[in-house]
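Presented below is the structure to which this report refers.
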Amino acid sequence: MKKLLASLLAVSMVLALASCGSKPQEPSNNGGTSTPNSNSSATTSTPPAGNDSEKTVEGKTVAFIPKLTGNAFFEVANTGAQEYAKDWGMTVDYIGSPNATAADQVSVINDAVAKGVDAICISTVDAAGVADALKAAQDAGIVVCTWDSDAAVSDRALMVSQGTPEVLGQMLVDLAVAGLKDRGVDPEKDAVKYAWHYSQATVTDQNSWQVEGEKIIKEKYPNWTNVQPDNYYSEQDAEKSITVGEAVLDANPDIDLIICNDSTALPGQLQAAENKGLTKADVTITGFATPNAIKAYCTNGTLYNWGLWDCKIQGAMGCYVAAYIAAGNDVKVGDVISIPGIGDCEVMPNNCLNPDDATADANNGVVLLPERAVFTAENMDQYDF
């Protein structure tokens, strides 16, 4: 499975453009179609031979830190990281807390520093909340990289991102539009009441997608009304995501659309709909989550579509680039890191994700995943993660 995914990802990257400033390609809403990243560098299925001066990641240990343990997205990312790490001869130490709080992550970071790991790769709950702990790790000589959800650019080396806010905000809107059309709503003409339900306001990635999505909605669908401009948050708590989901439906019995740009909020919102006897014919619910976490809801007829990216590949990439820099390799914007079994990844400037972020001269920047996928009943069983 790993080799097949790596080959598919490599082929898709050939389609990608080389600049973060390029116009993002809009995702397809057809089942079975992956969305290439318009900002990735080209690659081939066989990585080129390494530079003679390149230092190996073999023997390095990376502390791989999720927002929280027990969540399907993060557990699958760890599975991918562990699988690839065996081939690379490095160790991935998956450590985290079942609670998605900055205080818990600070404790985990401190534990990793005390263990003397070579690098940390973290998906932050709150960039500001873990800033001091990450700075202390760097001061201790530990390389810090991020994946999924970023830290401040001064608090890490590389970020392995699932895509730019423009790409992912557009993808969420496209998922919503397709879901509305599936139940007979004309997104361009009909009045649509909608809301956003995700983790919390301190999570940088989810907020950037929501901001971009709102911008797209205001420009293209002025007939849509956000019933809760302050958004609904469930703090990546599985039980709370259900109670918040029920509250959304109770407060807005005529709501048309709920966008859940969080892998805990989406299944919780879907369960809330099922608890109230609602199906995709009554309300459109969509967003981001792993295929396996949502398949049952799709089979039950509770939603039409949802999307994500291959978090197995993302977890592996995050751990590799952290170990790569820890091994003594220096990279700058425009350099290409050849990841065995995955492909070539270009280092992009930090302003790919935030136009206000500067990029240091060395060992600082962004690596983008090559593609995302849209799931429906027609193609969901082709994916197993």
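All of these numbers come straight from a predicted model, not from anything done at the bench.
- Although no hydrogens or angles enter the test, the distance criterion places a donor-acceptor pair under 3.5 Å between the side chain of Q206 and the main chain of S199.
- Using a 3.5 Å distance cut-off with no hydrogens or angles, the side chains of W196 and Q228 do not pair a donor with an acceptor.
- In this structure, K135 places its NZ atom where more than 12 heavy-atom neighbours from other residues, nucleotides or ligands lie under 6.0 Å away.
- By the 6.0 Å contact criterion, CG on D361 is open, its count of non-hydrogen atoms from other residues, nucleotides or ligands being 12 or less.
- Remark: D237 CG to E239 CD distance equals 7.0 Å, nearest 0.5 Å.
- Of the N and O atoms on the side chains of Q170 and D174, at least one donor lies less than 3.5 Å from an acceptor on the other residue.
- Residues N71 and E75 bring no donor and acceptor atom of their side chains to less than 3.5 Å of each other.
- Atom SG of C121 is separated from atom CG of D93 by 12.5 Å, given to the nearest 0.5 angstrom.
- Here the side chains of M90 and E58 are not in contact, with every heavy-atom distance at 4.5 Å or above.
- Side-chain atoms of D262 and Q236 include a donor-acceptor pair closer than 3.5 Å.
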Chi angles and distances behind the side-chain contact (heavy atoms from CB on, under 4.5 Å) call for Y324, V331: CA-CA 10 Å; Y324 186 81; V331 297; 3.7 Å; yes
What do the steps show when you test T302 against L278 for side-chain contact (heavy atoms from CB on, under 4.5 Å), and what is the final call? CA-CA 7 Å; T302 313; L278 301 175; over 6 Å; no
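- Between the side chain of N207 and the backbone N or O of A201, at least one donor-acceptor pair lies under 3.5 Å.
- Around NZ of K276, the count of heavy atoms belonging to other residues, nucleotides or ligands within 6.0 Å exceeds 12.
- With rounding to the nearest 0.5 Å, the separation of CD in E246 from OG in S241 is 10.0 Å.
- Within the 4.5 Å cutoff, the side chain of F64 has heavy atoms near those of the N78 side chain.
- Between W224 and Y221, the angle of the ring planes stays under 30°, which puts this pair in the parallel group of the 30/60° scheme.
- Side chain of Q105 to main chain of P66: a donor-acceptor pair is present (N/O by atom type, distance under 3.5 Å, no hydrogens or angles).
- Not one N or O on the side chain of S149 forms a donor-acceptor pair closer than 3.5 Å with the backbone of V125.
- Both I325 and V92 are assigned to one and the same hydrophobic cluster, defined by single-linkage of ILVMFWY side chains at heavy-atom distances under 4.5 Å.
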Any chance you could lay out the side-chain hydrogen bond (donor to acceptor under 3.5 Å, both in side chains) test for D150 and T204, step after step, and finish with the verdict? CA-CA 7 Å; D150 207 0; T204 54; over 6 Å; no
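- A donor and an acceptor atom, one from each side chain of Q269 and Y232, are nowhere located under 3.5 Å apart.
- By the 4.5 Å heavy-atom criterion applied to side chains, Y194 and I258 are not counted as neighbours.
- Side-chain contact, Q162 with D148: a donor N or O sits under 3.5 Å from an acceptor N or O.
- Q210 contributes atom CD, which lies 13.0 Å from atom NE2 of H197 (distance to the nearest 0.5 angstrom).
- For the 3.5 Å distance criterion, the side chains of D356 and N351 fail to qualify, holding no donor opposite an acceptor.
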Apply the test side-chain contact (heavy atoms from CB on, under 4.5 Å) to residues I65 and I120: give CA-CA distance (whole Å), side-chain angles for both, the deciding distance (0.1 Å), then the verdict. CA-CA 7 Å; I65 304 176; I120 289 171; 3.8 Å; yes
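- Looking only at atom types and distance, the side chain of R156 has no donor-acceptor partner in the side chain of N363 under 3.5 Å away.
- Taking 4.0 Å as the cut-off between side-chain N and carboxylate O, E219 and K215 do not count as a salt-bridged pair.
- The backbone N or O of V374 lies less than 3.5 Å from a partner atom in the side chain of N379, making a donor-acceptor pair.
- Aromatic pair W209/F288: centroids less than 6.0 angstrom apart.
- Side-chain atoms of N329 come within 3.5 Å of backbone atoms of K55 as a donor-acceptor pair (strictly under, hydrogens ignored).
- Aromatic ring pairs are classed by plane angle as parallel below 30°, tilted from 30° to 60° and perpendicular above 60°; the pair F73 and W309 is perpendicular.
- Side-chain N or O atoms of D256 include one that pairs as donor or acceptor with a backbone N or O of K193 at under 3.5 Å.
- In this structure, F74 has its ring center under 6.0 Å from that of W147.
- The distance between the ring centers of Y320 and Y84 does not fall below 6.0 angstrom.
- In this model, no donor atom of one side chain and acceptor atom of the other lie less than 3.5 Å apart for N305 and T376.
- Side-chain contact between I337 and L158 is present, with at least one heavy-atom pair separated by less than 4.5 Å.
- Between the side chain of N364 and the main chain of V153, a donor-acceptor pair closer than 3.5 Å is present.
- In this structure, a donor-acceptor pair under 3.5 Å is present between the side chains of T101 and D104.
- At least one donor-acceptor pair closer than 3.5 Å links the side chain of N223 to the backbone N or O of P187.
- You'll find the side chain of V130 stays beyond 4.5 Å of the side chain of D126, heavy atoms only.
- Judged purely by atom type and a 3.5 angstrom limit, D118 uses its side chain to pair as donor or acceptor with the backbone of T61.
- One distance of note links CD1 of I342 with CG of D344; it measures 11.5 Å at 0.5 Å rounding.
- Between N110 and A133, the shortest heavy-atom distance links the atoms OD1-CB, 4.2 Å.
- With 3.5 Å as the limit, one finds a donor-acceptor pair spanning the side chains of N231 and Y233.
- Residue-environment remark: NZ (K181) stays at or below the threshold of 12 foreign heavy atoms within 6.0 Å.
- A distance of 5.5 Å separates CG of N350 from CG of D357, quoted to the nearest 0.5 Å.
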